[in-house]
Amino acid sequence: MKKFWAWGALIFGLLYFILPLIGMTNFSLKMRRGVYSLDAYAVVLGDPRFQQTFTYSILMALATIVFGVLLVVPTAYWVRLKLPGLRPYIEFVTLLPLVIPAIVIVFGYIRLYNTSSWLPLTGSITGTNILLMFGYATLALPYMYRSVDTGLRSIDIATLTEAAQSLGAGWTTILAKIILPNVLVAVLSGAFLTFAIVIGEFTMAALLNRPAFGPYMQLLGANRAYEPAALAVMSFALTWGCLGLIQLVSRFQKGAQSAT
Amino acid sequence: MSFLTLTSLQKSFGPVQVVKDFNMSIEKGEFISFLGPSGCGKTTVLRMIAGFETPSGGAITIDGKSQQNLRPNQRNIGMVFQAYALFPNMNVAENVAFGLKVAGRPKAEIDARVKEMLGLIKLDHLADRYPYQMSGGQQQRVALARALAPKPQVLLLDEPLSALDAKIRVSLREEIRQIQQQLGITTVFVTHDQEEALSISDRIVVMNAGKADQIGKPADIYNRPATRFVAGFVGTLNLIEAKVVDPAANRISIGDQGVTLREPLGNAKAGDTVSLALRPEAGSIAPDAKGDTALTGEVVSSNFLGSVIRTRMKVGESIISFDMFNSPGLVPPTVGETVTLRFTAGDLLVIRD
């Protein structure tokens, strides 16, 4: 009897999640009347705005990941090594983007960095891109920080640091050659989550008026029928691809079984 | 002039002073062990030498050069940790090469040195293995090779054998000593295991509550403990309370049995209580046992420990343990039996705190 309920709950859960996806995928294939076709996908992929916004968002995601890694890895490492008492406060700060809406953050940015401010980042395209990257990094902070912090917990960073120091290594060498390679799986997990967040983000990109993929999806959704469904399926595939990559990297990273 | 000198070394963590006025001079090529219980400050002294802790006072010099303003990576000190601390992302050869790469040595020199070091620890065949693919003993040997590869002026070993099982511990400690003698490297070894310290050291520093209670050769530490703490910590020891009967003649009594000591009783007066130490292996109850002194008592327990049988007997208010080497025909004394323990009066040491 117990098994029956367990299977029942599992099947209900699967149907709850999968049925809308099946419906959406089915709809995305019905652009041509009466037959299944990939027309909606062809239209989306052939749209130059899709290529432009998708490329832009990928580049922004990569920049955000690099910035996020450079910011989070040394911070999490230093807090764990030298300032363990500050961990609860740092964790609290990294969780703030989950409770402060993106629209509040971006309005704050616009007020602080507009053309009449002391640092007029919104006055140029490069400046606005940088601002958007900071915004994305803020949104991804809870995921990136937690991933890296969990990775750091699995290794004895204090002893590894001292071992490296006794062999003559300075801080940069320790971070680049010892710490980063040993939390690579965690960093990549954070990176893929960051990638997924940046690709679908709408609010910040729209309010900073940048040609990102999120606003494009919204625009398409407001004006077309089948193409938004195709785009949503592609977005899901991309996100799941990222999650699959996290699993793959975790499995194949050399030395991953070791936790000194 | 000594190679490594620690002068009035002190360290406090907040209000707690963990190292108090620690002085020590170590000669080049010497193997020194810091021996003591947990929390006695031995690891803190080691970490101050390595540069991981900043002394609250005092000075450290190596080869005449003050280490005060040098960071850990500037000291040229090799260190082996209890937890191995091999870099999990690097294989054995890469781990051993790490210090040389950091120092910017040419590739050919690095390759040759790695090969030499792996030969020294007899793990040439495991150069491509990762730490998680090796046993604890193998990992610690790699850690030793890694610490030695950059040719450090001092080697520090922080309880390197504690995480290993008993058999590996014995073989690895012999290997460490052999490599140390082969390379002639000045070595400081921290341990709480007296057997380890006694077996491989040139000199031992017995630490207690942040200071050195006694510094000496292993035999001196064992045979002539300077304080009650050293006597109790190193080896198994009987601490016997005795009454002074005639200080001029070194005459004391244990229970109602009189004993004449070889050691002078110092300023003790008749009727004073003195503490005496006697090693369990110093006496024998065999009928043909030699010795100018005897104590008779009642057996309270007899335990088989493998190579020896340890028997405890009651003399006055004191319990005295003694060991008998196990042999197939040996009949251990039974509880309640009265036995006479014979030993040399010189084995009975007066403990002065």
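Just so you know, these numbers use all the heavy atoms, side chains as well, and skip hydrogens, waters and symmetry mates. Letters A, B, ... mirror the listed sequences (proteins, then strands); counts begin at 1.
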*Decide yes or no for A/M204 and A/L139: does some side-chain heavy atom of the first lie under 4.5 Å from some side-chain heavy atom of the second?*
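They are in contact (side-chain heavy atoms under 4.5 Å apart), so the answer is yes.
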
*B/L157 and B/V190: side-chain contact (heavy atoms from CB on, under 4.5 Å), yes or no, with the steps?*
CA-CA 6 Å; B/L157 305 163; B/V190 161; over 6 Å; no

*Minimal non-hydrogen separation, A/T203 against A/A102, with atom names*: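 Minimum heavy-atom separation between A/T203 and A/A102: CB-CB, 4.2 Å.
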
Side chain, backbone, both or neither: which part of [X] has a non-hydrogen atom closer than 4.5 Å to chain A?
| X | value |
| --- | --- |
| B/P72 | both |
| B/R146 | both |
| B/A147 | backbone |

*So does B/D193 pair up with B/R173, basic N to acidic O under 4.0 Å?*
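So B/D193 does not pair with B/R173 through a salt bridge.
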
*What part of A/T159 is in contact with chain B, defined as an atom under 4.5 angstrom from a non-hydrogen atom: side chain, backbone, both or neither?*
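Both parts, backbone and side chain.
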
